[in-house]
Amino acid sequence: MGTLSQVLRITTDRGSAVWICQDEVGNLYYHANKGGADAKWVEGQTALFLSGVERQPNGSFQVTARWDGTTFNVNSDRLQVTKKNTTPRVEKAVGG
């Protein structure tokens, strides 16, 4: 993985903080915390770190969690979380 640089950062109206980061060879990573940047970071409970992020043709970034199929799609305007067989939940961006 090496050194990561920030590609995108948003905070949402529901208190989530999301970062898309890129390593030195171009791999993208999703890092998020449900409680915001200052909340306690507990991987799998309040925080997620996912590899395999793909840049979409519309400029958003998308990754699917391997353990339950939840898809996270983020851009500068919103975070969309889609669990299998459910309606997507959208959190609007309120800051960077």
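The figures that follow rest on heavy atoms only: side chains count, while hydrogens, waters and symmetry mates do not. Everything numeric in this text was worked out from a predicted model, so none of it was measured.
- Within a 6.0 Å sphere centred on CD of Q56, other residues, nucleotides and ligands contribute more than 12 heavy atoms.
- For the atom pair Y29 OH and F49 CZ, the distance stands at 6.5 Å (nearest 0.5 Å).
- Of the possible donor and acceptor atoms, none in the side chain of D23 sits under 3.5 Å from a partner among the backbone N and O of L4.
- Placement of V74 and V94 in two distinct hydrophobic clusters is found when ILVMFWY residues are connected by side-chain heavy-atom separations under 4.5 Å, directly or transitively.
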Using a 3.5 Å cut-off and no angle test, enumerate the donor-acceptor pairs between side-chain atoms of residues 58-65 and protein atoms at least two apart in sequence or in another chain.
| from | atom 1 | to | atom 2 | distance (Å) |
| --- | --- | --- | --- | --- |
| N58 | OD1 | S60 | N | 2.9 |
| N58 | OD1 | S60 | OG | 2.8 |
| S60 | OG | N73 | OD1 | 3.2 |
| S60 | OG | N73 | ND2 | 3.3 |
| Q62 | OE1 | N73 | ND2 | 2.7 |
| T64 | OG1 | T71 | OG1 | 3.1 |

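- Judged purely by distance below 3.5 Å, without hydrogens or angles, the side chains of S16 and E91 pair a donor atom with an acceptor atom.
- Expressed to the nearest 0.5 Å, how far OG of S51 lies from CG of N27 amounts to 8.5 Å.
- In this structure, the separation between CG on N75 and CD1 on I10 is 7.0 Å, given to the nearest 0.5 Å.
- Cluster membership for I20 and V90, using ILVMFWY side-chain heavy atoms within less than 4.5 angstrom, is not shared.
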Sequence neighbours excluded and cut-off under 3.5 Å, please list the side-chain donor-acceptor pairs for residues 79-87, or say none.
| from | atom 1 | to | atom 2 | distance (Å) |
| --- | --- | --- | --- | --- |
| T86 | OG1 | K83 | N | 3.4 |
| T86 | OG1 | K83 | O | 2.7 |

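- Counting all heavy atoms, side chain and backbone alike, R55 lies closest to L28 at N-CD1, 4.1 Å.
- Nearest heavy atoms, S76 versus A93: O-CB, 3.3 Å.
- Between Q22 and Q6, the closest side-chain pair of non-hydrogen atoms is not below 4.5 Å.
- Heavy-atom minimum distance, V18 versus A32: CG2-CB, 4.0 Å.
- In this structure, H31 and W19 have perpendicular ring planes: the angle between them is above 60°, well past the 30° mark.
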